Structure formats: C-alpha cells, structure tokens
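These notes concern the structure reproduced below.
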Amino acid sequence: QVQLVESGGDLVQPGGSLRLSCAASGFSLDTVAIGWFRQAPGKEREGILFISRRAGSTYYADSVKGRFTISRDNAKNTVYLQMNSLKPEDTAVYYCAARRTLVTSRYYTRPDEYDYWGQGTRVTVSS
C-alpha cells in the first residue's frame with residue numbers, strides 16, 4: 001500500500017524547534033520529488049519547501065528560509081523537516097507530499113502536481 005505518514009507535530013514555545021518525519025511505504029523516496037505544505041486555520045494550503053528527486057534542487061519559501069531544512073534517510077525511507085526558531089505564525093497542519101518522476105533535478109510547487117499526500121501533523125507554536 002502506498003502511503004505517507006507524518007509525525008512529530010506538537011505544541012512548542014516560540015523560538016523552539018521540532019523535527020517532523022514523513023515516512024513512505026509502498027514506494028522508495030528515491031523515486032519521487034518531495035514537497036512540504038502547511039495549512040493554518042482559515043488559510044489556504046501553503047507550499048513551504050520543495051526538493052527534487054535527487055535533492056539537487058531545493059526551494060524554500062521566504063517565510064521559512066534560514067529556519068527550516070529538509071533531510072532524507074534513504075535507509076529508513078523517511079524525509080525530515082527540521083524546524084528551528086519557530087514562530088506563532090508557523091502554527092499549522094503540516095503535510096508532506098510526493099510526486100513520482102523520472103526527472104531528478106526539478107522540484108514541484110503546486111499541490112495538484114503531487115501524487116501522494118500524508119494525513120498531516122499539527123504544529124502549534126504558542127507560549
């Protein structure tokens with residue numbers, strides 16, 4: 001069964017850090033480009049970080065640049081989103097998404113370009 005499962009969301013104080021995980025099953029993360037999106041209450045889904053299949057190309061939204069980073073553990077078939085210096089405006093449900101592609105150097109920015117989605121994990125930044 002093809003599946004993405006996020007975990008790691010929590011309540012954290014401003015300035016704190018969290019690491020979100022996105023574990024894939026049914027396919028290898030080496031065959032897909034990855035995107036991280038988030039949706040805050042009452043707002044549209046926002047793409048924050050995209051990475052190409054071979055990790056040669058990466059895009060960070062201005063809202064997270066310098067604070068969030070992505071990494072991949074191929075042995076665990078898991079992608080991680082490290083979030084530092086969290087702000088209240090980072091409060092949202094975070095989703096990872098995967099797109100099957102033969103293109104190794106391109107990332108994808110639109111939600112409708114992705115084939116698989118996780119169920120989301122909630123991050124709340126509050127004191």
Side-chain angles (χ1 to χ4, degrees):
Q1 182 181 1
V2 173
Q3 199 173 11
L4 287 172
V5 178
E6 300 105 331
S7 60
D10 205 345
L11 170 63
V12 62
Q13 292 187 344
S17 297
L18 277 177
R19 189 178 77 161
L20 305 184
S21 300
C22 173
S25 60
F27 66 97
S28 171
L29 284 175
D30 190 43
T31 64
V32 299
I34 294 291
W36 280 95
F37 296 79
R38 67 185 181 186
Q39 188 162 18
K43 295 189 177 181
E44 292 187 356
R45 189 167 296 191
E46 172 193 13
I48 58 171
L49 196 160
F50 311 113
I51 190 166
S52 60
R53 177 180 160 186
R54 292 294 170 92
S57 298
T58 309
Y59 168 88
Y60 292 85
D62 288 342
S63 57
V64 305
K65 195 175 297 182
R67 301 187 298 123
F68 290 12
T69 56
I70 190 171
S71 62
R72 187 198 303 248
D73 185 333
N74 288 335
K76 294 183 178 180
N77 213 29
T78 299
V79 173
Y80 302 99
L81 179 65
Q82 179 66 43
M83 307 187 297
N84 299 327
S85 303
L86 283 162
K87 306 175 182 180
E89 51 263 44
D90 294 319
T91 295
V93 177
Y94 284 72
Y95 301 89
C96 65
R99 175 194 168 103
R100 290 189 180 274
T101 179
L102 296 177
V103 179
T104 59
S105 60
R106 181 190 167 185
Y107 55 76
Y108 301 85
T109 61
R110 300 196 320 265
D112 63 359
E113 294 181 298
Y114 287 85
D115 301 306
Y116 310 119
W117 288 83
Q119 83 288 355
T121 186
R122 186 175 301 276
V123 173
T124 302
V125 185
S126 174
S127 55

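For clarity, every value in this text was computed on a predicted model and none was experimentally measured.
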Give a yes or no answer on whether the side chain of [X] reaches the backbone of [Y] with a donor-acceptor pair at less than 3.5 Å.
| X | Y | result |
| --- | --- | --- |
| D73 | T78 | no |
| S21 | S7 | no |
| R72 | L29 | yes |
| Q119 | E6 | yes |

For R100 and Y116, run side chain to side chain donor-acceptor pair (under 3.5 Å): C-alpha distance rounded to whole Å, both residues' side-chain angles, the deciding distance at 0.1 Å, then the answer.
-> CA-CA 9 Å; R100 290 189 180 274; Y116 310 119; 2.7 Å; yes
Does the side chain of R54 reach to within under 4.5 Å of the side chain of D30, using non-hydrogen atoms?
-> yes
I51 side chain reached by W36 side chain, heavy atoms, under 4.5 Å = no
Could you give the distance from [atom1] ([X]) to [atom2] ([Y]), rounded to the nearest 0.5 Å?
| X | Y | atom1 | atom2 | value |
| --- | --- | --- | --- | --- |
| F50 | F37 | CZ | CZ | 4.5 Å |
| T31 | R99 | OG1 | CZ | 12.0 Å |
| Y95 | L20 | OH | CG | 12.5 Å |
| M83 | R19 | CE | CZ | 11.5 Å |
| S25 | L4 | OG | CG | 7.5 Å |
| S63 | I48 | OG | CD1 | 7.0 Å |

Enclosure of E89 CD (heavy-atom neighbours >12, cutoff 6.0 Å) | yes
Could you tell me how the ring of Y94 sits relative to the ring of F68: parallel (under 30°), tilted (30 to 60°) or perpendicular (over 60°)?
-> tilted
Closest heavy-atom contact between [X] and [Y]?
| X | Y | value |
| --- | --- | --- |
| V103 | R53 | O-CB, 3.7 Å |
| S126 | P14 | C-CD, 3.6 Å |
| G8 | L18 | O-CD2, 3.8 Å |
| P111 | W117 | O-CZ2, 3.5 Å |
| N77 | F27 | ND2-O, 2.8 Å |
| S105 | S52 | C-CB, 3.5 Å |

Apply side chain to side chain contact (heavy atoms under 4.5 Å, CB included) to the pair Q82 and S17, showing each step before the final yes or no.
-> CA-CA 7 Å; Q82 179 66 43; S17 297; 4.0 Å; yes
Shared ILVMFWY cluster between [X] and [Y], side chains joined below 4.5 angstrom?
| X | Y | value |
| --- | --- | --- |
| V32 | V2 | yes |
| V93 | Y114 | yes |
| I34 | Y107 | no |

Under 6.0 Å between ring centres, would you say that holds for Y59 and Y108?
-> no
Working for salt bridge (charged side-chain N to carboxylate O under 4.0 Å, His left out), residues D10 and R122 | CA-CA 6 Å; D10 205 345; R122 186 175 301 276; over 6 Å; no
Side chain to side chain contact (heavy atoms under 4.5 Å, CB included) evaluation trace for V123 with R38 | CA-CA 10 Å; V123 173; R38 67 185 181 186; over 6 Å; no
Full working for salt bridge (charged side-chain N to carboxylate O under 4.0 Å, His left out) between K87 and D90 = CA-CA 5 Å; K87 306 175 182 180; D90 294 319; over 6 Å; no
